[in-house]
Every structure is written in C-alpha cells, then in structure tokens.
Chemist: 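I'd like to ask some things about the structure below.
Reminder, nothing fancy here: chain letters follow the sequence lines and each chain counts from 1.
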There are 2 protein chains.
Amino acid sequence: MRIGELSRRTGASRRLLRYYEEQALIVPDRGPNGYREYDERYVDRINQIRGLLDAGLPTRIIKQILPCLDKPRSIHFPDATPQMLALLATERDRLSERIDVLVRNRDAMSEYLAEVARCRAPEDCGTQ
Amino acid sequence: MRIGELSRRTGASRRLLRYYEEQALIVPDRGPNGYREYDERYVDRINQIRGLLDAGLPTRIIKQILPCLDKPRSIHFPDATPQMLALLATERDRLSERIDVLVRNRDAMSEYLAEVARCRAPEDCGTQ
DNA sequence: CTTGACCATCACATCAATGTGAACGTTTCA
DNA sequence: TGAAACGTTCACATTGATGTGATGGTCAAG
C-alpha cells in the first residue's frame, strides 16, 4: 500500500504520514522508485499514533511507549525497561486525569443542551 | 485578585492569562492603575477554558460556546441562537468520540502494565 | 506520446501555547 | 527613600502539529 491509500484508510493526510515518519514514529519501506510502501499493520499503527497524539502525548513520548503497545500483545515485553514502564504508568495516569476533565466538560455541555430542550417544550423560559 | 494570584490559583502562567484575554476568552476589569482585576469566578473560568482547550477545541470555538456554559447555569440561556446550540451539540459529540479513543488507549496501557506485572511475580516470562 | 493520478522533496505558513526580555510604571514595606 | 515584588505593553522566538504549494519524477491508460 502506498501513502495515498494509507491516507484514505486512516484519515491522516499524506503530509501527516510523512511527518510521523520524520518524527521516527514509523519507518515504512521504500520501493525501487522511492515510493513509500506500507503493509496492513500500518493502518492500526497510524490510528494508535493518532489516538495517543489526541491524548496529548507528544511525539517524542509516543515514540518511546509505542513499542510497548505493539500488536501481538503479550509475550512481547522482554525489552521494556523499568523507566519505560514508569513512563507508561505516568502517562496513563495523566491520561486518566484528562479523561475526567473531558467527561466533566462533555457532561456540562449535555446538561446545558438538555436544559434548553426541556425549556423549549413547555413554551416558557427566558425571563422566567 | 490580580494576575499573579490568579496565575498561582489556576496554574496558568501570567503570559497565558494575557493570551486568553488577547483571544477574547476573558475580559477582566482594569483598576485605575491599569492592573487587571479578576474576581473569584475567573478561577473556574480559567479551568474551564483549559479543559476545553485540552479537549481539542480551538480558542475561536471556545469563545463561542463559553457563554453557554456560564456559572449560574439555567435561567440564563436567553440569547443562545440555534446555530450556537447546533455548534455546541456538534462539539459535544466530537468530544464524546475523543473520550472514547482516549479511554481505549488508557485501557490498552493499563492492560499492558497489568500483563507485565502479572508476569514479574511468578518469576518466569520473556521467552516463555 | 500525452494526460492524469500518483509519488517525491522542500519550503513557507498557520495556530496554540509558551518563553524571554526590554522598557517602564506601581505598590508595599522596612 | 529605596529596594523588592508586582504590574503594564510590545515584540521577537520557538515548538508541535498541521496545511499548502511549487517543482519535478513515475506510471498506467487512452
């Protein structure tokens, strides 16, 4: 698969795929013509990267913890150094905190929308 | 309260507080000497802004939906235009999606950490 | 062979969030 | 009164994640 198809399948722009490569998050093969060649696994990989970026992790951290989250999970963590595990645990906790904040904000939005909706039916609100 | 204290109480740098003001997210009063004067409500306000930014909303969107989320909730939504409500609903849904992704990632991290921990106790892993 | 759809690199632009520092006024307190 | 701590504006710089466009190579189909 070349960059265009991967872009289509992941929703990440070509530019962004090249950026991830520049940041050493992925290392696609190159065809004889210089074209990047991605195999199936890159679809998940890209989605995972985007999820982690979305979680607020910077690329340099993602680069470190990504090997821990590789697809054939388990029986695979031979080279996880204690520091990497600590880093991973720290980031997970930070992520949990962020999730809490986000959930609170979403709930506040929902609450507001619900109030407005509730108020629009009985036909009385505003100054009441 | 002046900018230093607000900074201390919210964790946002003075610089950032001025930046939010520049982005029209907040409009603090000014004392006769030109100093910014913030009242208590700004503490929550700043935290809310940071939460929304953290949620991935750009400042220009936050500026629009923030009035909807104001502190004395309810009996306050007289000027919410239909477009604002639609925007708010859209953003809430996007936020929900993001939360799902984040939760999945956190769970993957936890799962990995749990596996490593489980494996370290029985004193056999790696090549097994 | 040419056209169109790909691909490549390079470079410039933007946006959010920050840092830094200059140059300067204010408040407080010993 | 003078120093320390705090405030102001302005401006330039950087970082991370992206967008956009220029310029040019590759390749398949008409």
Chemist: What is the distance, rounded to the nearest whole Å, between atom CD of Glu22(B) and atom P of dC10(D)?
Modeler: 10 Å
Chemist: Tell me: OH of Tyr35(B) to P of dT26(C), nearest whole Å?
Modeler: 7 Å
Chemist: So, the side chain of Asn105(B) versus the backbone of Val101(B): is there a donor-acceptor pair under 3.5 Å, distance only?
Modeler: yes
Chemist: Considering only dT9(D), dT18(D), dC6(C), which nucleotide approaches the side chain of Leu53(A) most closely?
Modeler: dT18(D)
Chemist: Quick test of your reading of the model: are Glu22(A) and Lys63(A) salt-bridged, counting only N-O distances below 4.0 Å?
Modeler: no
Chemist: Ignoring hydrogens, what is the shortest heavy-atom contact between Met109(B) and Leu95(A)? Give both atom names and the distance.
Modeler: CE-CD2, 4.0 Å
Chemist: Please state how far atom CD in Glu21(A) lies from atom C1' in dT18(D), giving the value in whole angstrom units.
Modeler: 17 Å
Chemist: Need to verify one output field. Residue with the more 5' nearest nucleotide on DNA chain C, Arg2(B) or Arg60(B)?
Modeler: Arg60(B)
Chemist: In Å, rounded to the nearest 0.5 Å, how long is the span from CD of Glu111(A) to CD of Glu115(A)?
Modeler: 5.5 Å
Chemist: Ignoring the backbone of Pro58(A), work out which of dC6(D), dA16(C), dA17(D) is nearest its side chain.
Modeler: dA17(D)
Chemist: Ile3(B) has an atom CD1; how far is it from atom P of dT26(C), in whole Å?
Modeler: 17 Å
Chemist: Heavy atom of residues 9-20 of chain A under 4.0 Å from DNA chain D: which residues?
Modeler: Ser13(A), Arg15(A), Leu16(A), Tyr19(A), Tyr20(A)
Chemist: Tell me: CD of Gln23(A) to P of dT18(D), nearest whole Å?
Modeler: 11 Å
Chemist: Between Thr59(A) and dG16(D), is there a side-chain N or O to OP1/OP2 distance below 4.0 Å?
Modeler: no
Chemist: With side chain to side chain donor-acceptor pair (under 3.5 Å) as the rule and sequence neighbours excluded, what pairs involving residues 8-19 of chain A come up?
Modeler: Arg9(A)-Glu40(A)
Chemist: Under a 4.0 Å threshold between the charged nitrogen and the carboxylate oxygen, would Glu91(A) count as salt-bridged to Arg94(A)?
Modeler: yes
Chemist: Starting from C1' on dG16(D), measure out to NZ on Lys63(A) and report it in whole angstrom.
Modeler: 13 Å
Chemist: Nearest 0.5 angstrom please: Arg41(A) CZ to Ile46(A) CD1, how far?
Modeler: 12.0 Å
Chemist: Quick one: does Glu37(B)'s side chain have a donor or acceptor within less than 3.5 Å of a partner on Met1(B)'s backbone?
Modeler: yes
Chemist: Nearest whole Å is fine: how far is dA17(C) P from Arg50(B) CZ?
Modeler: 8 Å
Chemist: Pull out every residue in residues 86-100 of chain A that has a heavy atom closer than 4.0 Å to any atom of DNA chain D, ordered by number, or say none.
Modeler: none
Chemist: How long is the span from the CZ atom in Arg106(A) to the CD1 atom in Ile99(A), to the nearest 0.5 Å?
Modeler: 10.5 Å
Chemist: How many Å lie between CG on Asn33(B) and P on dT9(D), as a whole number?
Modeler: 11 Å
Chemist: Describe the nucleic acid contact of Arg30(A) in one word from base, sugar-phosphate, nothing, applying a heavy-atom distance below 4.0 Å.
Modeler: sugar-phosphate
